[in-house]
Peer 1: 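Input: one structure, supplied below.
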Amino acid sequence: MPELPEVEVLRRSLEPHLVGDRVEGVVVRHRGLREPVDTRALRRAATGRRVLALRRRGKYLLVDLEAAWTLVVHLGMSGRLTLAPGAAPPEPHEHVAFPLASGRRLRFRDPRRFGLVLALPTAALDRDPHFAHLGVEPLADGFSGETLRRAAAGRRGPVKSFLMDARVVVGAGNIYASEALFRAGVHPERSVARLSPARWQRLAESLVAVLAQAIAEGGTTLNDFADGEGNAGEFQISLGVYGREGEECPRCGRPVRRRVQAGRSTFYCPACQR
DNA sequence: CGTAGACCCTGCGCGC
DNA sequence: TGCGCGCAGGGTCTAC
């Protein structure tokens, strides 16, 4: 479900409802996520704390709490984080829930259990192994083609894998990597060693533009993405190539192709992307 | 060192 | 209708 735009849409939708509320407890129904849920650590960090702010780093949602604790939530492929009335019965796959002083419940649901919920000291986030290796934020000031070009120096391999490498730049997953490459006219299998500075710049600008537009349109809802209030996104209407194998390229009209790269589907137009 | 592939897990849509 | 297969928005570990 979630790449950078979806997590950012979620953050914005939850923020006004969550900030100022207080976590009253932690309910863990299934601790077998990407990493085992540490119930005691979550309770110690969160119980009785007010929510101070919601932030995002890459595809991680960060819930800053009093006493310098931060809840870290990653949605994996199928995770959802929503606010529910406190009396609502647990949904299927509602693995972790946080009852709130307002009477509501923040619930984490994740059928595939590739997601993550943990607590860390706020000041230690950058040093934590989950974050220490992460690359630049594409929507931060200063991100440019030069950022990408420098990171690619001495590297090999296809540019699509490079764009999805969180050690380089965070936030682009399978959808937005394909879309940024399409907008930039860059073939997904082109080697990073063979891209001119001008084309790196086009690629960086395309990535920023596609992420920003996706956020503005509420994210991409292919199957089940919804923000914290349950609203679906609309960016899927604006997708140029992703999931459109065989359909007409919106630019040249020739059929969009799909091929598997590093185990993931890549969609592209062989005529427009070189 | 960097890259490719397997793997974690459940659910859905498709073709037979 | 039922069943098996392939596929799915992520990340990490291992083998080369």
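Sequence lines set the chain letters: A, B, ... in the order given, protein chains first and strands last, and positions in each chain run from 1.
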Peer 1: So, is A:R258 close to the C:dC7 phosphate, meaning a side-chain N or O under 4.0 Å from OP1 or OP2?
Peer 2: yes
Peer 1: Quick one: which of A:R55, A:R57, A:R56 gives a salt bridge (Lys or Arg N to Asp or Glu O under 4.0 Å) with A:D64?
Peer 2: A:R55
Peer 1: Under 4.0 Å between a side-chain nitrogen and a carboxylate oxygen: does that hold for A:R12 and A:E15?
Peer 2: no
Peer 1: Closer than 4.0 angstrom, basic N to acidic O: yes or no for A:E91 and A:R107?
Peer 2: yes
Peer 1: Return the value, rounded to whole Å, for the distance between atom CG of A:L239 and atom P of C:dG9.
Peer 2: 12 Å
Peer 1: Whom does B:dG13 pair with, Watson-Crick or G-U wobble, provided both distances fall under 3.5 Å?
Peer 2: C:dC5
Peer 1: Whole angstroms only, please: what is the CZ-P distance between A:R34 and C:dG9?
Peer 2: 16 Å
Peer 1: Answer yes or no: does a side-chain N or O of A:K59 lie under 4.0 Å from OP1 or OP2 of C:dG11?
Peer 2: yes
Peer 1: May I ask you to say whether A:R155 pairs ionically with A:D165, meaning some side-chain N is under 4.0 Å from a carboxylate O?
Peer 2: yes
Peer 1: Just the rounded figure in Å: distance from C1' of C:dG9 to CD of A:Q261.
Peer 2: 17 Å
Peer 1: Ignoring the backbone of A:R156, work out which of C:dT12, C:dG10, B:dG2 is nearest its side chain.
Peer 2: B:dG2
Peer 1: When the distance from CD of A:E245 to C1' of C:dA8 is rounded to whole Å, what number comes out?
Peer 2: 15 Å
Peer 1: Please pick, from C:dG10, B:dT3, C:dG9, the nucleotide with the shortest atom-to-atom distance to any side-chain atom of A:L222.
Peer 2: C:dG9
Peer 1: The side chain of A:Y242 lies closest to which of these nucleotides: B:dT3, C:dG10, C:dA8?
Peer 2: C:dA8
Peer 1: Identify the residue among A:E179, A:R259, A:R258, A:Q273 that makes a side-chain hydrogen bond (donor to acceptor under 3.5 Å, both in side chains) with A:Y268.
Peer 2: A:R259
Peer 1: Out of C:dG11, C:dG9, B:dT3, which has the shortest distance to the side chain of A:E6?
Peer 2: C:dG9
Peer 1: Please measure how far the P atom in C:dC7 lies from the corresponding atom in B:dG5, and state the result in whole Å.
Peer 2: 15 Å
Peer 1: Could you check which of B:dT3, C:dC7, C:dG10 has an atom nearest any side-chain atom of A:S265?
Peer 2: C:dC7
Peer 1: Side chain of A:N174, heavy atoms from C-beta onward: which of C:dG10, C:dT12, C:dA8 has the nearest atom to it?
Peer 2: C:dG10
Peer 1: Decide, applying a 5.5 Å centre-distance limit and a 30° plane-angle limit (both strict), whether A:F114 stacks on B:dC9.
Peer 2: no
Peer 1: Would you mind reading off the distance between A:H133 atom NE2 and C:dG10 atom P, rounded to a whole angstrom?
Peer 2: 14 Å
Peer 1: For atom P, what is the distance between B:dA6 and C:dG6, given to the nearest Å?
Peer 2: 14 Å
Peer 1: Does the ring centre of A:W200 sit less than 6.0 Å away from the ring centre of A:F143?
Peer 2: no
Peer 1: What nucleotide among B:dA4, B:dG2, C:dG9 has an atom nearest to a side-chain atom of A:S161?
Peer 2: B:dA4
Peer 1: Kindly say if A:H74 contacts the phosphate of C:dG10, meaning a side-chain N or O under 4.0 Å from OP1 or OP2.
Peer 2: no
Peer 1: Give me the ring orientation class for A:H30 and A:H95: parallel if the planes are under 30° apart, tilted from 30 to 60°, perpendicular past 60°.
Peer 2: perpendicular
Peer 1: Under 4.0 Å between a side-chain nitrogen and a carboxylate oxygen: does that hold for A:E24 and A:R105?
Peer 2: no
Peer 1: Look for any protein N or O under 3.5 Å of an N or O in nucleotides 10-14 of chain B and output each such pair with its distance, or none.
Peer 2:
| residue | atom | partner | partner atom | Å |
| --- | --- | --- | --- | --- |
| B:dT10 | OP1 | A:R113 | NH2 | 2.7 |
| B:dT10 | O4' | A:P111 | O | 3.3 |
| B:dT10 | O3' | A:H93 | NE2 | 3.4 |
| B:dG11 | OP1 | A:H93 | NE2 | 2.7 |

Peer 1: Reckon A:G263 touches a base, only the sugar-phosphate, or nothing at all at heavy-atom distances under 4.0 Å?
Peer 2: nothing
